[in-house]
Amino acid sequence: MANILKNKRIIVGITGSIAAYKIPYLVRELVKNEAIVNVVLTPSAKNFVTEITLANLSRNPVICEMFDLNAQKGGAWHIHLAHEADLMIIAPCSASTLSKLASGLCDNSLTTIATALPLNVPLLVAPAMDSTMFESPATQRNINILKSDGVIIIPPEEGELSSGLVGIGRLPEPDILLEKIIDVLEKWNYTDKKTFNEQKLEKATTETPNEKDKNYEQRLKEALEKNIPSLADSVEKDKWSAELEFTNLKRKLSGDKNYMSLAGKKVLISAGPTIEKIDDVRYISNFSSGKMGYALAEVAKDLGAEVLLVSGPVNITAPENVNLIKVTSAQEMFETILSNFSNYDIIIMSAAVADYTPAEKTEGKIKKKATGDKLILELKSTNDILAEIGKNKTNSQFLVGFALESENEIQNGWIKMKEKNCDMMVVNSANVPDSGFGSDDNTITVLRKDGKEISYQKLPKKICSLEIFKNILELTGNNQ
Ligand code: CTP
């Protein structure tokens, strides 16, 4: 049977209720079934579930703040998100959010998105609260208003409530919520969007008493038919592996000794290309985007390390809570890393350092008239940073190199590892399509000082980073 959830964008709204703990499981199931999930929390929901868990499970940034700068970069983000959705579910929905929805009060991200949801997108609301609150006339009135507005109410179940009372008000289990979502998606008629818009137009027109405004109908029709630009370009998709993160989290919580932690560790990571100036307007560089090094820095920080990121010029933003030193040339990177590395436990050279730099730098701009038909540029070798650290590191420091190879990858990787005295080498092939430079994915083989060689399939760079740290922790005996 076809998977109806596949590629469906589902907004999961969570409000402040004890039953919120059930929702990470729902998000996990939705993602497993290939839905695209955006989680939105009310400020009070944060008391019951954490943004980090939900971001990892949903593989998307979690929205909470109405004026979050990251969300703002797409313009009227709440409208875009609402218009891209195939379905929105609010579970658990507190009495307070029910009342806001019924009156159209938009005082946080969740109520704003729900109100901005186009009428042809199903909105499911699962009230969950103590039975007296649920049975109160105000709550019942609000539920009836929402029902008459076309909102699908998932009724609460009877049973033991967090107050200790027994009665109606329990949020149904995640599998029931999932079933309901699937059921609605299967039955909902999305196909006849135009007819629907026309229906909306009809309804709106009959409800608008402003007969004098002759252009109203036309303007409304145009507004309804206008395409809303996709959010895909503006919201960066986070490709965290929910499975891996979740497993690690579970291991940590259950006291399992195999969970990964870099707490107390200092990690230095180099990233990006270097730029070698020819004159004041021209330079030599390479195609490195810095994504691998930045992913390593983010993962190291998330695992609890203190991180220094030494980065060549890139177009990406450094992760929060990471110390960043920006450099330009190979020489600058060399000097920065050499003066810092002795303070670090783990050093990872993922930067694509230029091997050569112009032997002489020309001030100003080299003029064509002065060079004639040909410009012969003399290049000299740069300092090999990795090799230099390899020579000077102590036994307690762990050094990781990267090797970009286009042939005899593994063999050359082992040679480089030995020559540069590394503890581990990450080999990436220059030949795998959509992998390596510029891509969000990478195809790596990890060569370890204990002789093990582990090849991975193409994976998002953050997952590659997790695997790299997993290997480092195994070799340093620091699994704790
Ligand atoms: N590296 C470095 N300093 C340099 C050049 C490279 O520290 N001047 C590091 C890179 O950061 C990487 C490793 O050396 O961790 C291997 O880089 P790579 O370009 O694959 O190999 P090279 O040693 O430069 O040799 P070749 O280009 O001949 O393959």
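Atoms within a ligand are numbered from 1 in the order they appear, just like the ligands themselves. Keep in mind it's a predicted model, so treat the numbers as computed, not measured.
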Please assess Asn383 against Gln331 for the test side chain to side chain donor-acceptor pair (under 3.5 Å), listing each intermediate value before the final yes or no.
-> CA-CA 7 Å; Asn383 288 315; Gln331 182 60 22; 3.0 Å; yes
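When only interatomic distances are considered, the shortest N/O to N/O separation between Val353 and ligand 1 does not fall below 3.5 Å. Between Thr382 and ligand 1, an N or O atom pair is found at a separation short of 3.5 Å. Polar contact with ligand 1: absent for Ala403 (N/O pair, distance under 3.5 Å). Not one N or O of Glu405 is nearer than 3.5 Å to an N or O of ligand 1, by distance alone. Between Leu404 and ligand 1, at least one pair of N/O atoms sits closer than 3.5 Å. For ligand 1, the polar-atom distance check against Ser350 finds no nitrogen or oxygen pair separated by under 3.5 Å. Between Gly401 and ligand 1, a contact under 3.5 Å exists for no N or O pair.
With hydrogens and angles disregarded, a donor-acceptor distance shorter than 3.5 Å links the side chain of Thr382 to the backbone of Asp355. For the pair Lys265 (side chain) and Ile346 (backbone), a donor-acceptor distance under 3.5 Å is absent. With hydrogens and angles disregarded, a donor-acceptor distance shorter than 3.5 Å links the side chain of Thr15 to the backbone of Ser94. Asn286 contributes a side-chain N or O that, together with a main-chain N or O of Ser288, makes up a donor-acceptor pair within less than 3.5 Å. Under a 3.5 Å cut-off, the side chain of Ser270 and the backbone N or O of Ser350 do form a donor-acceptor pair.
In this structure, Lys361 places its NZ atom where more than 12 heavy-atom neighbours from other residues, nucleotides or ligands lie under 6.0 Å away. Heavy-atom neighbours of Tyr283 OH from other residues, nucleotides or ligands within 6.0 Å: at or below the threshold of 12. A 6.0 Å sphere centred on CG of Asn315 holds no more than 12 heavy atoms belonging to other residues, nucleotides or ligands. Annotation: Lys393, atom NZ; neighbour count of heavy atoms from other residues, nucleotides and ligands within 6.0 Å is above 12.
When Ile348, Asp345, Ile347, Asp423 are each tested for a side chain to side chain contact (heavy atoms under 4.5 Å, CB included) with Phe398, only one passes: Asp423. With Glu474 as the fixed residue, the salt bridge (charged side-chain N to carboxylate O under 4.0 Å, His left out) test singles out one of Lys452, Arg448, Lys449: Arg448.
Within a 4.0 Å radius of atom 29 (O) of ligand 1, the protein contributes at least one heavy atom.
Within the listing of ligand 1, atoms 7 (O), 11 (O), 12 (C), 15 (O) sit less than 4.0 angstrom from a heavy atom of Met349.
Contacts between Asp384 and ligand 1, counted as non-hydrogen atom pairs separated by less than 4.0 Å, involve both the backbone and the side chain. Residue contacts with ligand 1, taken as heavy atom pairs separated by less than 4.0 Å, involve Asn383 solely via the backbone atoms N, CA, C and O. Here Leu386 has heavy atoms under 4.0 Å from ligand 1 in both its backbone and its side chain.
Among all protein heavy atoms, the one lying closest to atom 14 (O) of ligand 1 is Lys420 NZ, 3.0 Å. Here the protein heavy atom with the shortest distance to atom 24 (O) of ligand 1 is Asp355 OD1, 2.9 Å. Closest to atom 11 (O) of ligand 1 among all protein heavy atoms lies Ala351 O, 2.8 Å. Protein heavy atom in closest approach to atom 13 (C) of ligand 1: Phe402 O, 2.9 Å. If you check which protein heavy atom lies closest to atom 26 (P) of ligand 1, you get Lys416 NZ, 3.9 Å.
Within the structure, the closest approach of Ala330 to ligand 1 does not fall below 4.0 Å when heavy atoms are considered.
Of the candidates Thr274, Ile337, Ile385, Val427, it is Ile385 that places a heavy atom closest to atom 3 (N) of ligand 1.
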